[in-house]
There are 2 protein chains.
Amino acid sequence: MTAEKNTVFVVDDDPSVRGGLNRLFKSVGLAVETFASAAEFLERGRGEGPACLVLDVRMPELSGLDLQAELARADVAIPIVFITGHGSVPMSVRAMKAGAADFLEKPVDEQELLDAVNRALARDRRARREQAELADLRRRLASLTSREREVLSYVAAGRLNKQIAAELGTSEKTVKVHRARVMEKMEVASVAELARLAEKLDLSLPEA
Amino acid sequence: MTAEKNTVFVVDDDPSVRGGLNRLFKSVGLAVETFASAAEFLERGRGEGPACLVLDVRMPELSGLDLQAELARADVAIPIVFITGHGSVPMSVRAMKAGAADFLEKPVDEQELLDAVNRALARDRRARREQAELADLRRRLASLTSREREVLSYVAAGRLNKQIAAELGTSEKTVKVHRARVMEKMEVASVAELARLAEKLDLSLPEA
DNA sequence: CGGACAATTGGACCTTGGTCCAATACGGGT
DNA sequence: ACCCGTATTGGACCAAGGTCCAATTGTCCG
């Protein structure tokens, strides 16, 4: 259905490497964009569709690991496949612990790299699906008034209208109105669904 | 509160290494158990409380990575801190991708190892808490009759008693009885809670 | 100021859910 | 044959949720 093109972003300071990788990925039908430095990638950023990053560890200025940290700070969750000519165990462990999709050593076997990239793209597609779903939930949540959000939390916690009214210092009548609006705006037909959404949204539910 | 002792399992074929690690961990108040081979650890297995595994990669017979795979197959989820004298990048990447907590090279810095072990233990404590909670939920679920489980799935899906009765080919009256028993056995007071439990239990909810 | 939106409440009415008491039916195991 | 657990249903009744109509108050904005 969603035939969005998968993109590979290549960041390497060596022009010949960029050229080689560009050809390799294009040869299997992937869209490619190359960057000569981490800074350059940070400026242009990532596009729209599913993507992954093929990143040289050793580069002047910002290293690959620095870029990884930078992206994490900026909440840019793009899977990273590292490639390095002079890698070390601690370096690879650090990268993997920081969430890297893979970490390969030069000379890189072409098939191995393609496999790694495809796994990374698959990971990104899944992550994007989940993110899109969450964004949609948050959009609905944002459409609620603060009072409605309050009522939502009580309903998701399993409270009765009567109890909610008491805790909000209002009437059961009012609670019913808010509650109906919450169900409508959140686009759910049952309390069970609402509870599941609240769970996904990490809503803190009232204790007492 | 739960002052369970944290245990470090050490698996290394070198007796002097076992002795050294034993002393190191004991010196910081950790319980230690040592094993000369992967097979030996597999036999005695892990104990009760929170624990982690400190594992040499290179060993005769089953290697550390083999043991990791073996444990994964057996669903034994114990965090592993690898130690190796002749590590390589691909080896560490493979271990990390398989879920290793850390991967250190000899000679190992004592503080670094202790830090890694403590992180691994913390990970295990969290995992154990979650597992215990899940086991409790599964216990409650197991106490339901098959009919009750069926009704549970419909209720968690947000269906009305009337609809459930129709889909089960029974009367609304009967559904109410099952439903009440479900709420009692699952120890919940509201549909919202029930829906959350069903979510955690990964119950497949009826579509139509 | 007039208007839009949010919060609030009342009344009437219907649908659902939950509880109590009581009862029938079927399959297993003692 | 008898008891137990499971599934089933009925009637009565009350509590809770949902809906329709209508209305008031306060605030923020053009």
Side-chain angles (χ1 to χ4, degrees), chain A residues 137-199 201 203-208, chain B residues 137-199 201 203-208:
Chain A
L137 285 191
R138 279 199 263 265
R139 181 186 54 72
R140 293 185 225 168
L141 182 64
S143 77
L144 299 183
T145 67
S146 63
R147 196 56 152 175
E148 284 163 355
R149 261 192 291 280
E150 210 167 355
V151 171
L152 160 57
S153 68
Y154 282 104
V155 174
R159 295 286 204 299
L160 300 181
N161 287 341
K162 188 191 297 185
Q163 300 173 311
I164 302 175
E167 305 204 57
L168 293 185
T170 180
S171 83
E172 188 178 338
K173 197 71 206 125
T174 308
V175 173
K176 284 190 181 183
V177 174
H178 287 317
R179 181 173 182 147
R181 234 184 285 279
V182 166
M183 301 291 282
E184 185 193 339
K185 288 186 179 178
M186 295 304 287
E187 297 170 31
V188 294
S190 68
V191 180
E193 281 182 74
L194 193 66
R196 267 196 299 282
L197 297 199
E199 185 90 337
L201 284 167
L203 289 193
S204 60
L205 308 180
E207 283 301 324
Chain B
L137 285 191
R138 279 198 263 266
R139 180 186 56 70
R140 292 185 227 170
L141 182 64
S143 76
L144 298 183
T145 66
S146 64
R147 197 55 152 174
E148 285 162 356
R149 260 191 292 279
E150 209 168 356
V151 171
L152 160 58
S153 69
Y154 283 103
V155 174
R159 295 286 203 298
L160 301 181
N161 287 342
K162 188 191 297 185
Q163 300 173 311
I164 302 175
E167 306 204 57
L168 293 185
T170 180
S171 83
E172 189 178 338
K173 197 70 207 134
T174 309
V175 173
K176 283 190 182 185
V177 175
H178 288 316
R179 182 174 183 148
R181 234 184 286 279
V182 166
M183 301 291 283
E184 186 194 339
K185 288 187 179 177
M186 295 303 288
E187 299 170 30
V188 295
S190 67
V191 179
E193 280 181 75
L194 193 65
R196 266 196 298 282
L197 296 199
E199 184 90 339
L201 284 167
L203 289 193
S204 59
L205 307 181
E207 282 301 327

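Values reported hereafter were calculated over all heavy atoms of this structure, with side chains retained and with hydrogens, waters and symmetry mates removed.
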Applying a 4.0 Å non-hydrogen cut-off, can you work out what Thr174(B) is touching in the nucleic acid: base, sugar-phosphate, or nothing?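 Touches a base.
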Base, sugar-phosphate, or nothing: which does Val191(A) touch, judged by heavy atoms less than 4.0 Å apart?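 If one applies the 4.0 Å heavy-atom cut-off, Val191(A) turns out to touch nothing in the nucleic acid.
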Nearest to the side chain of [X], which nucleotide is it out of [options]?
X	options	value
Arg181(A)	dT8(D), dG18(C), dT8(C)	dT8(C)
Arg147(B)	dA16(D), dA7(D), dT8(C)	dA7(D)
Ser171(A)	dG10(C), dG17(D), dT9(D)	dG10(C)

Roughly how many Å is it from [atom1] in [X] to [atom2] in [N], rounded to a whole number?
X	N	atom1	atom2	value
Lys176(A)	dT15(C)	NZ	C1'	11 Å
Arg159(A)	dG17(C)	CZ	P	21 Å
Arg179(A)	dT19(D)	CZ	P	10 Å
Arg149(B)	dT6(D)	CZ	P	11 Å
Glu172(A)	dG18(D)	CD	P	11 Å
Glu184(A)	dT19(D)	CD	C1'	12 Å
Tyr154(A)	dA16(D)	OH	P	18 Å
Glu148(B)	dG5(D)	CD	P	13 Å

Inter- and intrachain pairs under salt bridge (charged side-chain N to carboxylate O under 4.0 Å, His left out), touching residues 141-157 of chain A, at least two apart: Arg147(A)-Glu150(A), Glu148(A)-Arg181(A), Glu148(A)-Lys185(A)
Applied to residues 157-168 of chain A, the salt bridge (charged side-chain N to carboxylate O under 4.0 Å, His left out) test, sequence neighbours excluded, yields Arg159(A)-Glu167(A)
Would one find a side-chain N or O of [X] under 4.0 angstrom from OP1 or OP2 of [N]?
X	N	value
His178(A)	dA6(C)	no
Thr145(B)	dG5(D)	no
Asn161(A)	dG17(D)	yes
Lys162(B)	dT16(C)	yes
Ser146(A)	dA7(C)	yes

Which sits closer to the 5' end of DNA chain C, Lys185(A) or Val177(A), going by the nucleotide each is nearest to?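 The 5'-side residue here is Lys185(A).
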So which atom in Ala192(B) and which in Ala157(A) form the shortest heavy-atom distance, rounded to 0.1 Å?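 In terms of heavy atoms, the two residues are closest at CB-C, 4.4 Å.
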Spell out yes or no: do the side chain of Lys173(A) and the base of dT19(D) have one donor N/O and one acceptor N/O closer than 3.5 Å? yes
Interatomic distance, Ile164(A) atom CD1 to Glu172(A) atom CD [nearest 0.5 angstrom]: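 Between Ile164(A) CD1 and Glu172(A) CD, I get 9.0 Å after rounding to 0.5 Å.
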Kindly compute the distance separating CG (Leu152(B)) from OG (Ser146(B)), expressed to the nearest 0.5 Å.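 Taking CG in Leu152(B) and OG in Ser146(B), the distance rounds to 12.0 Å.
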